[in-house]
There are 2 protein chains.
Amino acid sequence: MAGRPVDHRRRLELLDAVVDYAVENGFSELSWRPVAAALDVSTNTLVHHFGSKEHLLVAILGRLRERILAATAELLGAQHDLAAAARAAWEQTSQPARAAEFRLFFAVYGRALQAPEQFADFLDRVVADWMAALRAAQGPDVAPAVADREATLVIATLRGLLLDLLTTGDRARVEGAADRFLATLARPED
Amino acid sequence: MAGRPVDHRRRLELLDAVVDYAVENGFSELSWRPVAAALDVSTNTLVHHFGSKEHLLVAILGRLRERILAATAELLGAQHDLAAAARAAWEQTSQPARAAEFRLFFAVYGRALQAPEQFADFLDRVVADWMAALRAAQGPDVAPAVADREATLVIATLRGLLLDLLTTGDRARVEGAADRFLATLARPED
DNA sequence: CTATTCTTTAAACGTTCGTACCAGAAATTT
DNA sequence: AAATTTCTGGTACGAACGTTTAAAGAATAG
């Protein structure tokens, strides 16, 4: 038993660079050669580390989801209630600097919806991860059924608002709606 | 001045068939030849009517948006207030039979977000059309700023919930969140 | 040092892509 | 009937695609 060890760090380094590329240049027409050229490696370096195009796409979806979750998860954990967590999440995700990242997010999300078997892992986690975080933000005193309902509504509303913001760029209008939503959260009616 | 007239009906007939194809077979890898084979026409028939691949994609986005809007617009007009309109829209769009259509919707939406110049028309209308319908549903007595805010929130929330439903298929949970949202709409707090 | 495995690049393969060109059939006006 | 334009299908072309193969360099274990 000998030989050069597998370089997992190198794979992740390449993957992050590919995700960066997809953020900037789009996801729908991604192909080996332009990506490799942009990263200044040979196409076969990418093929070697990712195996096939299909595997690369799955890896991109996984890494992007991971990145987005990581950027907000710890922030959510520090909040004392759902309203605060939702506001923190909104303020984080609606930053102009992250717009391109979320445009890619919705692009890959839509693609995953049309190929659910190929991207099953993404679809399994893209809601569930946030559900877990937003359930936790409500503490142990909220009934599970209510916590689920509230978490679901927060995820849906924030994603829908983000979609609108990325579409229209009408920040004043979208922020107004976000404030309205976050205000109702702060004053639960039941 | 003579010659065979342009057959616009034929173009629309083909376009609808292409959209149907995209609903069933996905949008990301659409190409002339498989579509033409499925429609039992030559590839050149499609090229002749749509000009180029880019134009075809734009036409697909436009037609899909048009279809979805048409299926709901008149329904919304018949409602007497925003809560009723929102509920009608949700019941319409969350039908299992229309799931594939909305998976395509989110797929093309995501793609449009990463190529905003190419799909500017789609992006200009995909929010604005619904804004107009949901502003109208609130009647003339609601202040414009409030009507905008409420309409924005309804669009975002319903789209976010639909995204969740298509992702997880967890209808009970998503319906619960939808009911919660629609209930808050029925009892406006300010 | 040797053996082994991983990493990287270059070259080439067959396939599919979008598009252009051509010719015939169909539909309209004069 | 003649002229003109659209519609359709067959063929072909160059480009780009994903993938495979072969070979050289790098890093580990014995």
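Reminder, nothing fancy here: chain letters follow the sequence lines and each chain counts from 1.
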Grab the two heavy atoms, one from B/L162 and one from B/T93, that are nearest each other, plus how far apart they are. CD1-O, 3.5 Å
Charged N to carboxylate O under 4.0 angstrom, B/R180 versus A/E150? yes
Flag the pair A/D164 and B/R159 as a salt bridge only when some basic side-chain nitrogen lies within less than 4.0 angstrom of an acidic carboxylate oxygen. no
Below 4.0 angstrom from OP1 or OP2 of C/dC6, is there any side-chain N or O of A/H49? no
For B/P5 and B/P34, find the nucleotide of DNA chain C closest to each by heavy atoms; which residue's nucleotide sits nearer the 5' end? B/P34
Nearest-neighbour nucleotide for the B/R33 side chain, C/dC17, C/dT28, C/dA12 considered: C/dC17
For A/L46, which contact category applies under a 4.0 Å heavy-atom criterion: base, sugar-phosphate, or nothing? nothing
Once the angle between the rings of B/F105 and B/F122 is folded into 0 to 90°, is it parallel (under 30°), tilted (30 to 60°) or perpendicular (over 60°)? tilted
Would you mind classifying the nucleic acid contact of A/T45 as base, sugar-phosphate or nothing, using non-hydrogen atoms under 4.0 angstrom? base
Nearest non-hydrogen partners of B/V127 and B/I155, listed with the distance: O-CD1, 4.0 Å
Tell me: NE2 of A/H48 to C1' of D/dT19, nearest whole Å? 14 Å
Nearest-neighbour nucleotide for the B/V47 side chain, C/dT19, D/dC17, D/dT8 considered: C/dT19
Would you tell me if any nitrogen or oxygen in the side chain of A/W32 comes within less than 4.0 Å of OP1 or OP2 on D/dC17? no
Expressed in angstrom and rounded to an integer, what is the separation of B/L39 atom CG from D/dC7 atom P? 16 Å
For the residue pair B/R173 and A/T152, confirm or rule out a side-chain donor-acceptor distance under 3.5 Å. yes
Ignoring backbone atoms, test whether A/S31 places a side-chain nitrogen or oxygen under 4.0 Å from the OP1 or OP2 oxygen of D/dC17. yes
May I have the distance from A/E54 (atom CD) to D/dT19 (atom C1'), rounded to whole angstrom? 14 Å
I'd like to know if A/N44 reaches the base of C/dT7 with its side chain, counting only an N/O donor and acceptor under 3.5 Å. no
Residue pair B/D40/B/R4 against DNA chain D: nearer the 5' end by closest nucleotide is B/R4
Considering only heavy atoms, which members of residues 7-29 of chain B lie under 4.0 Å from some atom of DNA chain C? none
Using the side-chain heavy atoms of A/S42, tell me which of these nucleotides is nearest: C/dT9, D/dC7, D/dG18. C/dT9
From CZ of B/F50 over to C1' of D/dT8, roughly how many Å is that when rounded to an integer? 14 Å
So, are A/R149 and B/D179 salt-bridged, with charged N and O less than 4.0 Å apart? no
